[in-house]
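The structure appears right after this line, and notes come after that.
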Amino acid sequence: MGETEEPKLSDVLADRREKLEGLREAGIDPFPPEFAEKEDIGEVRAAHEGLAPGMETESRHRVAGRIVGRRGHGKACFLDLRDGSGQIQLHARVDLLGEEPYRLLVDLDLGDIVGVEGTALATRRGGELSLAIDRWRLLAKSLRPPPDKFHGLEDVETRYRKRELDLIANEESRRLFALRARTVSEVRRWLDERGFIEVETPVLQPLYGGALARPFTTHHNALDRDFYLRIATELYLKRLVVGGIDRVYELGKDFRNEGISHKHNPEFTMLEWYEACADYAATAHKVETMVAEVAERVLGTTEVQRGEVTIDFAPPWKRVTIRDAIRERTGIDILEHPTREALAAAMGTEPDPEEGWGKLVDGLLSKSVEPELVQPTFVLDYPVELSPFAKSHRSEKGLVERFEAFAGGMEIANGFSELNDPDEQRRRFEQQAEELARGDEEAQPYDEDFVAALEQGMPPTGGVGIGIDRLVMLLTGAKSVREVVLYPAMRS
RNA sequence: GCCCCCGUAGCUCAGUUGGUUAGAGCGGCGGCCUUUUAAGCCGCGCGGCGCGGGUUCGAAUCCCGCCGGGGGUACCA
């Protein structure tokens, strides 16, 4: 290494390979199997909080991490070492390390992973906590250069495809995914504390159901039959309520074979819970309470900044019927136009043969109302055509007891008083079959096992689905779902 | 799916009325430096401009196609 006079024209990858070989020739294992009894850097920092500038301690520490910065000074240098708990500066001096270990240390590359031992001190000038190291050991050689240390990694494509590089380079990204993890933990805790039982139902399903969406299809070789990746957990969870699990939830991935956008990833994380003897009003109340309490625990506040506006999740959230919400923004009273032709006329469009009345209402809601709902809002009492699994409204004919929660212009939850009359459920499936026949690819296939379960007797039940990715978007201010999903869907 | 925009060194970016061997910072390589923090100083460009065609005396710059990404739009959590 470095014996020729002329400048090397080798590229960065070759340089690192060359160093790897150099280390092996020097008898150093570039990938040793362990580095036992090390502390987390975060613990070391905590142990010396407030150490006065210039103070040197006898306190020895053994830490390990990736070298993310280096400032050389000839016979001494500073290295920045980072692990999953934090970052600390290392002060490496030839007089403490010895000639050869020092030379080898300085010859390491940014990105290499090392284990070190040394004593804690606070630097004279900045008072920065540092370890004056007297021993070190290579733990893993990095053969590819890290992203730019100052600008970080900004190319969004690389950030999504190679999230590990994004995490190495960008503090903000590390912070965001930690926040996501805490959100999921707090959601589980909130439900566990209230006696909800977490379950895992099939991802591979012989029939899909529980939402209006197109599924992914896959094939089981041994059984020689197709399966669907679930689009929702709803039907299995309600069968568990039939089975006597009065409070049940599942938090996991659903899959929908539809477009990708800033608020849609084909696989996404959904929470669904079902509670016996609750109705949609009680369920909506739980939703607003849970979201506010989770926000409080994760962020320390129920208020989040989103662009120019502040969204406040403190309950109670605003409530409005779908009829009023649409009427307020479009002047159209959907109940005054109860047929597809009449509603299309009121909207000033031609009735599309593939779109029923319900689809038109859904269109008005998602185009005219949803983007306007920035503060948390429950939209209530949907048309039965849109809601094949919701119980008919106790007083409003043609409507069901259903709510959707919106915030930041996005739908984040969808819940109802669950339909538990098996004969009515069978009729709803038949209606869906007609939609399917008309060409609606999102209509629900008939699920006899589910209807049979209802015939067994399901108590009145309140249930809800909450989009966890979107909730995390709201809590973090992320503009795209890709920012809160570690490896979002990309082309090949 | 459709429309618009983008794709230059490992990273962040500059470079279009088409014109000599394509530039900068960080990183890298060589050297100096025992308290620096985007450390500093001196020296060295390590890519031929996403891919493939085409126009032209000449293309990173113009045209066509493809691939990838972003934004918008359509459907959905």
Inset, instruction - Answer with yes or no whether A/Asp109 presents, from its side chain, a donor or acceptor under 3.5 Å of a partner atom in the base of B/rG28. - result: no
Inset, instruction - Answer syn or anti for B/rG53, where the cut-off is 90° from 0 on the glycosidic torsion. - result: anti
Legend entry - A/Phe78 over B/rA39, stacked by centroid distance under 5.5 Å, angle under 30°: no
Inset, instruction - Counting heavy atoms from C-beta on, name the nucleotide in B/rG72, B/rU35, B/rG69 closest to the side chain of A/Arg125. - result: B/rU35
Inset, instruction - Check if the side chain of A/Ser130 and the base of B/rU35 share a donor-acceptor pair of N or O atoms closer than 3.5 Å. - result: no
Inset, instruction - Would you mind classifying the nucleic acid contact of A/Asp155 as base, sugar-phosphate or nothing, using non-hydrogen atoms under 4.0 angstrom? - result: sugar-phosphate
Legend entry - Side chain of A/Arg71 (C-beta onward), nearest among B/rA39, B/rA77, B/rG70: B/rA39
Inset, instruction - Write down the distance separating the P atoms in B/rA39 and B/rA74, rounded off to the nearest Å. - result: 47 Å
Inset, instruction - Describe the nucleic acid contact of A/Gly152 in one word from base, sugar-phosphate, nothing, applying a heavy-atom distance below 4.0 Å. - result: sugar-phosphate
Legend entry - Rounded P spacing from B/rG47 to B/rG23 in Å: 13 Å
Which donor-acceptor pairs under 3.5 Å do the side chains of residues 152-159 of chain A make with protein atoms, sequence neighbours left out?
residue	atom	partner	partner atom	Å
A/Asp155	OD2	A/Thr158	N	2.9
A/Asp155	OD2	A/Thr158	OG1	2.7
A/Glu157	OE2	A/Arg161	NE	3.0
A/Arg159	NE	A/Asp166	OD1	2.9
A/Arg159	NH1	A/Glu483	OE2	3.3
A/Arg159	NH2	A/Glu483	OE1	2.8

Inset, instruction - Assign A/Gly467 to base, sugar-phosphate, or nothing according to its heavy-atom contacts below 4.0 angstrom with the strands shown. - result: nothing
Inset, instruction - Using the C1' atom on both, measure B/rC3 against B/rA22 and round to a whole Å. - result: 34 Å
